[in-house]
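Below is one structure; the comments refer to it alone.
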Amino acid sequence: FIKRRRSWSRYPPGPPSLPFLGNMLQIDFYNPHLSFNQLNKKFGNVFSLQYFWSNMVVVNGYKAVKDALVQKAEDFADRPYFPKYAHLGYNKRSQGLIISRYGPAWRQQRRFALCTLKNFGMGKKSLENQISQEAGYLCSAFSSKEGHPFDPLFLVKKAVSNVIYSLTFGERFDYDDEKFQRLVEIFQQSMKEESGFLPQLLNEVPFLLRIPRVPQKVFQYQRASMSLIDAILKKHKETWDSTHIRDFTDAFLQEMEKVGNQQDLFECIVLCLVNTLVKEQSLLVPFIYKEIDKVIGRDRSPNMLDQANMPYANAVIHEIQCYGDIVPTGLPHMTYRDTELQGFFIPKDTVIITNLSSVLKDETFWEKPHQFYPKHFLDADGQFVKREAFLPFSAGRRICLGEQLARMELFLFFTSLLQCFTFQVPEDQPSPQEDGCFAIIHFPYPYQIQAILR
Ligand code: HEM
């Protein structure tokens, strides 16, 4: 008991908290990373918060985040339990992959997902060809706008969705297919249901979810997306043939025969789709055009071998991810055992927030952390350099499983679009806003551009 009291005296500092609410009123749930950045300045790189009655520690800056996720990988590999997802069918024994507690079930799901994604082409030419083809469809959709102003977001989202959709369900959609439009819209809305105060409250006080119609109202799109996935699974089951595995779903159905019913993996993967391509700074950098014309030319599609010869485009794509801050607060972790971080004691079962935004904009590491500055990734000879604080996909045991796929998509979509178009903001429209809205992922606010054929 005395030893434990002594350890708790080294618990990370934090702001005073209110009874029951803890520090909830000090966090802006529509921009949590900004609240964390302010508290970081006051309390240091490792500080604590009271999240209703849960203990939470926020880890900031490259060094502390790396210490937690890499040096003490297993101590920080757990995830908290999310009662708010129980109404969707997630429970303590069936949690899929992303929100799964650290342990044998997570390990099995992760191994299966990685292996199946690889079998279906992740990291291989076959997937590269599929992404290239999708980039071609996206360019055609842009060019059908004939230089008129449009919001690019929905089209980019459809292209990115199609890649993961065909990997998972074995088919792609035409961009104007009504079912597809609805699907993309539902996934987008279901992510928005994650932001704000109410979802946090329901997670911490789960009996509120028992009030009739509350989950239906607060999580209506998450429920709709689950129903859609159920319908797709049902269709797949009807035509499933164990001797002919067509896609990720078929492989998963086969696996389910072995491991039991855990259908939610698809949902998690589909939810992790991210659109980072159309950020105005990148598209208006003329230097890339020269590189594209020199290395790829106009007569063939870009491929992944080009990346090695395109340091500038590569640097810009990396810088977009720093500047755009796509998953600013990462996903919540939880300590798997009592542990120490930067001299502080953190007990088992403490919720851990890795403030990835503070890593990608770490003032002690990056030369110009708050500017769009592709030279962060270029050496004096203009060659591409990797930077260790580039952690948009996080690090350690729970590092993003789709990193390779996402990197391939970013490069091929980006270069294909710039090979075909120059982009400009329509005269009567404001420039796209620098900040965005937060719903686990940082989305840009809607804006209009013109895509002019080169
Ligand atoms: C987890 C970022 C695309 C699948 C994560 C995490 C981040 C992230 C920050 C949390 C890691 C942690 O808990 O520490 C991104 C970014 C992407 C991207 C920035 C695109 C630019 C994808 C794609 C897939 C995917 C395309 C699908 C193949 C996953 C999965 C996890 C995950 C399954 C959970 C891993 C686990 O808990 O073991 N991602 N992601 N991600 N991502 Fe992504």
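Counting from 1, the numbers follow the sequence of the chain as shown. Both ligands and their constituent atoms are indexed starting at 1 by order of listing.
Using modelled atom types, no side-chain atom of H376 and backbone atom of E319 make a donor-acceptor pair closer than 3.5 Å. Side-chain N or O atoms of T350 include none that pairs as donor or acceptor with a backbone N or O of I346 at under 3.5 Å. Side-chain atoms of H442 come within 3.5 Å of backbone atoms of D325 as a donor-acceptor pair (strictly under, hydrogens ignored). The closest donor-acceptor contact from the side chain of S190 to the backbone of F187 lies under 3.5 Å. Here the side chain of K72 pairs no donor or acceptor atom with the backbone of D67 at under 3.5 angstrom.
If you check each of G330, S394, S100 against atom 14 (O) of ligand 1, the one with the closest non-hydrogen atom is S394. The residue among G402, C400, A395 with a heavy atom at the shortest distance from atom 1 (C) of ligand 1 is C400.
The distance from ligand 1 to the heavy atoms of L356 drops below 4.0 Å at these ligand atoms: 9 (C). Atoms of ligand 1 lying under 4.0 Å from any heavy atom of P392, numbered from 1 in the order shown and given with element: 2 (C), 9 (C), 19 (C).
With a 4.0 Å cut-off on non-hydrogen atoms, I164 touches ligand 1 through its side chain and not its backbone. When heavy-atom distances to ligand 1 are checked against a 4.0 Å cut-off, L69 has no atom that comes that close, whether in backbone or side chain. The side chain of H333, and not its backbone, has at least one atom closer than 4.0 Å to an atom of ligand 1 (non-hydrogen atoms only; side chain from C-beta on). Of the heavy atoms in V327, only side-chain atoms (C-beta onward) come closer than 4.0 Å to ligand 1.
Considering both main-chain and side-chain atoms, R110 comes within under 3.5 Å of ligand 1 through a nitrogen or oxygen pair. Below 3.5 Å of separation, one finds no N or O of Q321 facing any N or O of ligand 1.
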Would R397 and Y102 count as a side-chain hydrogen bond (donor to acceptor under 3.5 Å, both in side chains) here? Give the steps.
CA-CA 9 Å; R397 303 270 159 113; Y102 181 67; 2.6 Å; yes
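Salt-bridge check for E178 with R182: failed, with every basic side-chain N at 4.0 Å or more from each acidic carboxylate O.
Using a non-hydrogen distance threshold of 4.0 Å, R79 registers as a contact of ligand 1.
Between F393 and F390, the ring planes lie perpendicular to each other; the angle is over 60°, past the 30° to 60° tilted range.
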